[in-house]
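Just below is one structure, and these are the notes that go with it.
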Amino acid sequence: MRNLPLWSDLCNRNCQARLVVLSDEQTTTYLGVRVMRRKLAAGNWKMNGTAAALPELQSLATSYPDASVDVLICPPATLLHRAAEAVKDTGITVGGQDCHAAESGAHTGDVSALMLVDAGASAVILGHSERREDHGEQNEDVCAKARSAMDAGLKAIICVGESLEQREAANTLDIIGGQMSGSIPDQSTGENLVVAYEPIWAIGTGKVPTLDEIGEVHDFIRARLERRFGEGVGRSVRLLYGGSVKPGNAAEIFAVSNVDGALVGGASLKAKDFSGIIDALQKA
Ligand code: PEP
């Protein structure tokens, strides 16, 4: 019984259970109910952006009063509150790029999950490869941060991905499997967890894996989630691809099985580019 999801898991905001016929790409069936994963376009501004970037965000928000996909922008922490105000009452939400595992305390320079919520965030990116590399974050650190984020009511967008060396050594799936076991907390559900597959060698480089390679990893992640959390929860978690997604390659990536959206760095900084990606996701 432990792995059976609650009805509320199936009917949460992100995975609306519907008794209507939807295409097979959009839906999955669990306990006789069709479950739809709402697609998500998430922008990671990294350490870019000052107040001068807010009009760009406002223009994006006004272009999508009624998007059929979720749109999330993760600006630097200094802009989070103002960004939340800028997109208030629009279809766009904002998120953090990291949080500390503790609620508060003597951690100079850090920001807690509760502080992100207080600033208006609905989600937080965790375990991005730049944090794993620059700050030595290990899987267990990411897991502790994700627990804290989920306890605070945030969605944790947990990033996993292999280096070029690991891919060339045919270790990709082992690496992803290890990162998933170590970084994803037991309390995960379709509502509070999003997994982003981001091959390190594709981030900011213009290089993208083949569609078959993306599909192989996404199918693997889905199968691991189903095995660990049961089919209901496993099928309701959204999986994002990240790494040099642009308006020009978005549509073909979104057509790959088990790709429910994208985590976008560089192309999320310009409303025009990010709009091209959102448009492709809405058509997918
Ligand atoms: C990222 O940093 O998460 C990312 C995917 O960057 P880019 O889109 O610039 O490759």
Side-chain angles (χ1 to χ4, degrees), residues 1-6 9 14-15 28 30 37 40 42 97-102 113 123-152 154-203 209 213-243 256-261 263:
M1 285 303 286
R2 195 181 144 273
N3 285 333
L4 285 181
L6 298 172
D9 279 345
N14 299 322
C15 67
T28 180
Y30 185 66
R37 293 187 296 272
L40 169 62
Q97 298 177 12
D98 177 51
C99 69
H100 196 280
V124 59
I125 299 169
L126 294 171
H128 191 283
S129 58
E130 287 154 13
R131 292 213 54 93
R132 291 179 189 260
E133 275 174 21
D134 296 356
H135 300 272
E137 286 186 9
Q138 304 296 316
N139 290 330
E140 49 275 24
D141 303 317
V142 178
C143 195
K145 289 173 180 216
R147 275 196 295 270
S148 185
M150 290 171 178
D151 289 346
L154 293 171
K155 292 181 207 317
I157 302 176
I158 298 182
C159 303
V160 295
E162 81 288 1
S163 66
L164 189 57
E165 204 179 24
Q166 289 162 339
R167 174 159 284 278
E168 284 173 352
N171 284 334
T172 298
L173 299 184
D174 281 349
I175 294 296
I176 305 292
Q179 289 173 335
M180 289 180 68
S181 307
S183 308
I184 297 178
D186 288 338
Q187 72 205 77
S188 299
T189 66
E191 169 66 14
N192 65 18
L193 174 69
V194 175
V195 179
Y197 168 52
E198 298 210 310
I200 300 169
W201 52 274
I203 294 178
E213 287 168 339
I214 294 174
E216 181 191 31
V217 176
H218 279 243
D219 288 352
F220 172 80
I221 293 173
R222 177 74 63 215
R224 290 287 292 232
L225 289 171
E226 286 182 20
R227 199 172 79 197
R228 177 166 166 196
F229 295 105
E231 286 185 358
V233 170
R235 290 185 189 180
S236 64
V237 173
R238 289 175 290 180
L239 309 186
L240 308 183
Y241 167 77
V256 174
S257 93
N258 280 314
V259 173
D260 302 312
L263 179 55

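Fair warning: this is a prediction, and the values are worked out from it, not measured in the lab.
- Residues S129 and I200 share a closest heavy-atom pair of CB-CG1, 3.7 Å.
- The two atoms that bring G177 and R224 nearest to each other are O-NH2, 3.3 Å, heavy atoms only.
- Side-chain atoms of S188 come within 3.5 Å of backbone N or O of P185 as a donor-acceptor pair.
- For the residue pair D174 and Q166, no side-chain donor N or O sits within less than 3.5 Å of a side-chain acceptor on the partner.
- Within the 3.5 Å criterion, the main-chain N or O of T189 finds a donor-acceptor partner in the side chain of N192.
- Using a 4.0 Å cut-off between charged side-chain N and carboxylate O, R222 and D260 make a salt bridge.
- In this structure the side chain of E168 reaches within 4.5 angstrom of the side chain of L164, judged on heavy atoms.
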Residues I184, F229; criterion side chain to side chain contact (heavy atoms under 4.5 Å, CB included); working and verdict | CA-CA 11 Å; I184 297 178; F229 295 105; 3.9 Å; yes
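- Atom-to-atom distance recorded for I214:CD1 and Y241:OH is 5.0 Å, nearest 0.5 angstrom.
- For the residue pair W201 and E165, no side-chain donor N or O sits within less than 3.5 Å of a side-chain acceptor on the partner.
- Checking side-chain atoms of D219 against main-chain N and O of E216 turns up no donor-acceptor pair under 3.5 Å.
- When atom types are taken as modelled, the side chain of R131 and the backbone of L126 share no donor-acceptor pair closer than 3.5 angstrom.
- Here the shortest heavy-atom pairing between A113 and A152 reads CB-CB, 3.8 Å.
- Taking CG of L40 as the start and NZ of K155 as the end, the distance is 9.0 Å to the nearest 0.5 Å.
- When all heavy atoms of V233 and G190 are compared, the pair lying nearest together is CG1-N, 4.1 Å.
- Atom CD1 in I221 sits 12.5 Å away from atom CD in E226 (nearest 0.5 Å).
- The structure places CD1 of I157 at 9.5 Å from CG of L193, a figure rounded to the nearest 0.5 Å.
- At least one side-chain heavy atom of V217 sits less than 4.5 Å from a side-chain heavy atom of I176.
- Heavy-atom minimum distance, S183 versus N139: OG-OD1, 3.1 Å.
- Between R228 and D186 a salt bridge is recorded (basic side-chain N to carboxylate O distance below 4.0 Å).
- For Q179 and Y197, the side-chain atoms include no donor-acceptor pair closer than 3.5 Å.
- With rounding to the nearest 0.5 angstrom, the SG atom of C159 is 7.5 Å from the CD1 atom of I203.
- L263 is listed as a side-chain neighbour of I125, based on a closest heavy-atom distance under 4.5 Å.
- You'll find the side chain of L225 reaches within 4.5 Å of the side chain of M180, heavy atoms only.
- The structure places CD of E162 at 4.5 Å from CZ of R167, a figure rounded to the nearest 0.5 Å.
- Between E137 and the options R132, H128, K145, a side chain to side chain donor-acceptor pair (under 3.5 Å) holds for only K145.
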Determine, step by step, whether V195 and L240 satisfy the side chain to side chain contact (heavy atoms under 4.5 Å, CB included) criterion, reporting the C-alpha distance in whole Å, the side-chain angles of both residues, the deciding distance to 0.1 Å, and the verdict.
-> CA-CA 6 Å; V195 179; L240 308 183; over 6 Å; no
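- Residue A202 comes nearest to P209 through the heavy atom pair CB-CD, 4.2 Å, listed as atom of the first residue, atom of the second, then distance.
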